[in-house]
Each structure stands twice: as structure tokens, then as C-alpha cells.
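Order of appearance sets the numbers: ligands from 1, and atoms from 1 within every ligand.
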Amino acid sequence: PIPIVLDVDTGVDDACAILLAALHPDLDLRAVSCVGGNAPVDDVVRNTLVALRAAGRTDVPVARGAARPLLEHPVDARHVHGDDGMGDLGWPAADLRPDPRHAVELLRDVCRAAAAEGRAVTLVPLAPLTNIALLLRTYPEAAEGISEIVFMGGAADVGNATASAEFNVFHDPEAAAIALDAAADLGIPVTMYGLDVFYEPVITREEAVELVAVGGRGAAELGGRLMQFQHQRFARDASTIGDAGAVCAVLDRASMTTELLPLRVELAGTWSRGRTIVDRRDWSGDMKHDPHGEAPLRVHVALKVDSAAYAQLWRDTLLGRLGES
Ligand code: BDR
Ligand code: CA
């Protein structure tokens, strides 16, 4: 299995991602670090423990990380994720405690162990990049234990927090710029699973009912209830698995189309702060001129996914039906 670490702001769809990473046999979930984003960080820790308990993975360490962005004031997304940050399901709290280490220290230790073992982890941030920026600047040697970063954030096209910017990058633009810059410096390949694909893998109302019917307060029931929360809140028949798609991308690269493109994070801008500016100009022929001088970093940008394949991968994993189709 692929060793994987998640950084989350759980979060309805972060919970969906945790369930998949916790249960898929081809993934070895080593740790989950938490950051303030969709909800305040203490709620994020509680929600993360709930998701791991539902998946029966009480062995995975969970640590509390940055409570606020580096520079910005925190803005949560309760209007999207509910007052408790995870769909207001009335689900009981888990009888689990977080790891005593700060998230950055947990990430450092996991990366160090992975490097020593010779099995570097895939780091999957699904939240504002505050913890990741702090990790890579404080402990650059952690890079030896990271094979790649696949993050949910940004957009080549339209945003969601604003017309320009995606929530995770908008929430902490400096952290996104630092994390991407550090990854480039340290030679860590980066894939951006952004809004260009994020909303596409979806679960129908019927599929959610099937998941909920499994019951027993397990992963399938929790995943189904989270999808039903979104069906209701947004009055739509299709509910995105969101962040879970980035975990699908780690499992099934072949169902995703990416392009290696220059990318900059907008840190100024009147209306565009937090935008990921993906340079899709035609660089052939005489066009080779960038007035900004310094070469921007290049990121594998997800531009298309097989949404049916990803939705099915998520559903089958939660239903324990892998390999049946
Ligand atoms: C991202 O922001 C949050 O609402 C989701 O959990 C996802 O990580 C989408 O912009
Ligand atoms: Ca998230």
C-alpha cells in the first residue's frame, strides 16, 4: 500500500476523504493533521476523530495544528459545512484523544520515520496550507520522507470563496505561496486537485440511501449521511465527494488528466487575492516571454477526471465492495 498522510479541516468532504484513506487496502494511512479552515481547529480535531472512529481506525494519530492563517483573519465555512463543521448530524463524539504533539511535529516525525524506512509518504493537504508551510520551512528535511504532494486547493478557472479564489488558498494565501515555493525548492512534485475537477465526482440521493442503510454508525452510514446533508443544504440531487476526490487521485492516476503548468499564488490583487494563476498561454514559437522575470514553479494541474470512476471508488470502498465490479 501507498503510505499517505492527510492534512484536513474536517469538514463534510474532508470526512469523506478520511473514510476512503482509512479503509482502502491500497493505502496505508499514517497520520492526520488538523488545521483551522472550514471550522475552528478544535472542531476539526473532534470531527476528524469521529470519522476515524466510524472507519474503525483508532490506531491513526491525529494532531491539532494551526488555529489561524499566517496573516489573514480566519473565516470559517459553516454556511457550507454546518454549525459543527460536519453536517450537524448529531453523531456522537468519538471516545478518542488527539496525539499530544502539534500537527507540525507529528508531520515531521512521520516524515522522518518514512525516510528512515525508505518509504516516503504521499502528503495530501485538503485544507488551508498553514501546517504545510510551517512544516516545510521549519523542518525542510521532512522533504526526504515525502514522495509527492497532492493537494486540494486552487483553480485554473473560477473560484468559490470569491469569483477568483478557491477557499483553501483564499483562507491562507501566504501559506499556499510558501508551501508551493518550499516544495519546488525541496524538489517535491506537486499535483493540484482544484476546483476544475473538485465538484465532479458525485453521489446521488439513491446512492446515499444505500450507504446509510448499512447502519451501525460505521463509515458507510456516516458517508451516506454527509452526502444527504449536502443534498438537502444545496437542494441538489447530486452531492460532491469533494476532498475525497484528491484521495481517489492518489489511488487512480489513470482516471485523471493533468498538465504540468506554471503557477503563481496571487498575494495582492483588489479582487483576486488568493487566486492560483495558472499560466495556460501557448509557450511555443515566439511567445516565450514572461515580464515577471523569475521562473514560476510548475505544478501538475488536474484538468479532467473520470468522475464516475472516482465516485464509484469512494462508494465501493465504504460499502466494502472493492473488486466486485
Ligand atoms: C475546499 O474548501 C472546503 O470547503 C472543502 O473542504 C475543500 O477542501 C473547497 O474549496
Ligand atoms: Ca477541506
Could you check atom 1 (C) of ligand 1 against the protein and tell me its nearest heavy-atom contact, residue, atom and distance included?
Glu166 OE2, 3.3 Å

Is the closest basic N to carboxylate O distance between Glu174 and Arg68 below 4.0 Å?
no

Just jot down the ligand 1 atoms closer than 4.0 angstrom to any heavy atom of Asn160, in number order.
9 (C), 10 (O)

Measure Asp14 to ligand 1 on non-hydrogen atoms and call it side chain, backbone, both or neither using the 4.0 Å cut-off.
side chain

Glu117/Arg30 salt bridge by N-O under 4.0 Å criterion:
yes

Closest protein heavy atom (residue, atom, distance) for atom 3 (C) of ligand 1
Asn38 OD1, 3.1 Å

Look at atom 7 (C) of ligand 1 and say which protein heavy atom is nearest, naming residue and atom and giving the distance to 0.1 Å.
Asp243 OD1, 3.1 Å

Presence of salt bridge, Asp157 and Arg280, under 4.0 angstrom:
no

Please identify which atoms of ligand 1 are closer than 4.0 Å to at least one heavy atom of Asp13.
5 (C), 6 (O), 7 (C)

For Phe167, atoms of ligand 1 separated by under 4.0 Å from a heavy atom
2 (O), 10 (O)

Return yes or no for this condition: an N or O of Val80 is under 3.5 Å from an N or O of ligand 1.
no

Name of the Asp243 atom (N/O/S only) found closest to the Ca ion (ligand 2):
OD2

With a 4.0 Å cut-off, would you call Glu210 and Arg321 a salt bridge?
yes

Ion pair Glu166/Arg275, N-O distance below 4.0 Å
no

Checking Tyr193 against Asp243: is there a side-chain donor and acceptor pair closer than 3.5 Å?
no

Is there an N/O/S atom in Gly242 that lies less than 3.0 Å from the Ca ion (ligand 2)?
no

Tell me whether Arg236 at atom CZ has more than 12 heavy atoms from other residues, nucleotides or ligands lying less than 6.0 Å away.
no

Is the side chain of Glu105 donor-acceptor paired with the backbone N or O of Arg101 at a distance under 3.5 Å, no angle test?
no

How wide is the angle at the Ca ion (ligand 2) between O in Leu126 and OD2 in Asp14, to the nearest 10°?
80°

For the Ca ion (ligand 2), give me the closest N/O/S atom belonging to Asp9, just the atom name.
OD1

